[in-house]
Protein chains: 2
Amino acid sequence: MNIGEIAKRTGMPAKTIRYYEDIGLIRPHRDANGYRKFDEPGFHKLAFLGRARALGFSIEDCRKLLALYEDETRASADVKKLAQEHLRQIEGKISQLRTMQETLTNLVDTCAGDHRPDCPILRDLASG
Amino acid sequence: MNIGEIAKRTGMPAKTIRYYEDIGLIRPHRDANGYRKFDEPGFHKLAFLGRARALGFSIEDCRKLLALYEDETRASADVKKLAQEHLRQIEGKISQLRTMQETLTNLVDTCAGDHRPDCPILRDLASG
DNA sequence: ATAGGGGTTACAGTAACTGGAAGGTCAAGA
DNA sequence: TCTTGACCTTCCAGTTACTGTAACCCCTAT
């Protein structure tokens, strides 16, 4: 399959797939004409990457996950550790965002939002 | 005040302050020796930016907020609209992260995390 | 022969900094 | 006076994970 076909099947832009090759995440074969040629395992690998990225894993984490996936002698503990660390990051980010959300919601709710200049949002930003 | 003093008072790295000048967010005066010289309004403006950034506003939003702040004829509606849009973004991000968190939590919970290779996390990534 | 719809590379840009190099300035101490 | 150390300056490169664009090649159908 050519890159366009694979892009359609994985739902990722062809550009992203080329990028993944650039950074050494994948290593597709080449046709005589220089076109990238994907087989089922190649597609599978991209789908794996797509799902890992959808779970928010960084590219470097994806690289490690892929390595673990392909290592039959892996310890599931290593995978779990990676996932747990990532989960912690996500939870940290969520709580950060929730703090912002709460503050912003309060501010937005107290702002008249009319033609007058007086604004509690700006007042808050101006004076903490 | 020199940049170091301001950095201490605002809690932001001097580097960031220089960057804010680079992109035209602030315009500090200069001493005869070329050092940036901050007065109280300059400090105030940086503090404003710091708080807006802490609420997750993008630099471009910060630029707009600052302009609104300094425009005595602003309509609070404009500020509110900005804040509401940002709030929507935050809420979208939170719900995205929560989806990831839920999936990951499930996966992590079902993974033995021992020396054996068998791993539900990898299984999930491999087959959706 | 040509038009279109593939594909290829390489380079630049995004957001918001951060790090590092190379060098100027200033106050204090020997 | 000289030097040391802590400041400050500018400029350039790197970060993350792509995305956009240009210039060009390839293949098939008309």
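Chain A is the first sequence line, chain B the second, and so forth, proteins listed ahead of strands; every chain is numbered from 1.
In this structure, Ile3(B) reaches the sugar-phosphate backbone alone: every heavy-atom distance under 4.0 Å involves primed, P, OP1 or OP2 atoms, never a base. Nucleic acid contact class of Arg53(B) (heavy atoms, under 4.0 Å, all strands): sugar-phosphate only.
When each of Ile59(B) and Ala14(A) is assigned the nucleotide of DNA chain C bearing its nearest heavy atom, the one mapping closer to the 5' terminus is Ala14(A). Toward the 5' end of DNA chain D, the nearer of the two residues Glu21(B) and Lys8(B), judged by each one's closest nucleotide, is Lys8(B). Between Lys15(B) and Lys15(A), the one whose closest nucleotide on DNA chain D sits nearer the 5' end is Lys15(B).
Note that CG of Leu122(B) and OG of Ser76(A) are 9.0 Å apart. Values are rounded to the nearest 0.5 Å. To the nearest 0.5 Å, atoms CG (Asp124(A)) and SG (Cys111(A)) are separated by 11.5 Å. Note that CG of Asn2(A) is 10.5 Å distant from CZ of Arg36(A), once rounded to the nearest 0.5 Å.
Rounding to whole angstrom units, OH of residue Tyr19(A) and P of dT14(C) are separated by 17 Å. We find that OH of Tyr35(A) is positioned 7 Å from C1' of dC25(D), with the value rounded to whole Å. Taking atom CD1 of residue Ile17(A) and atom C1' of nucleotide dT19(D), one finds them 14 Å apart after rounding to whole Å. As a whole-Å value, the separation of Arg36(A) CZ from dC25(D) P is 17 Å. Taking atom CG on Leu25(A) and atom P on dC18(D), their separation rounds to 9 Å, with Å as the unit. Asp31(B) places its CG atom 10 Å from the P atom of dT9(D), with the value rounded to the nearest Å. Rounding to whole angstrom units, CD1 of residue Ile23(A) and P of dT16(D) are separated by 10 Å. Taking atom CG of Asn2(A) as the reference point, atom P of dT8(C) lies 7 Å away to the nearest angstrom.
Using a 4.0 Å cut-off, no side-chain N or O of Thr16(A) falls inside it from OP1 or OP2 of dA17(D). Distances shown here put every side-chain N or O of Arg63(A) at or beyond 4.0 Å from the OP1 or OP2 atom of dT16(D). OP1 or OP2 of dC18(D) has at least one side-chain nitrogen or oxygen of Tyr20(A) nearer than 4.0 Å. Residue Asn33(A) places none of its side-chain N or O atoms closer than 4.0 Å to OP1 or OP2 of dG7(C).
Of all the heavy atoms in Ile59(B) and Tyr20(B), the pair that sits closest is CD1-CE2, 3.5 Å.
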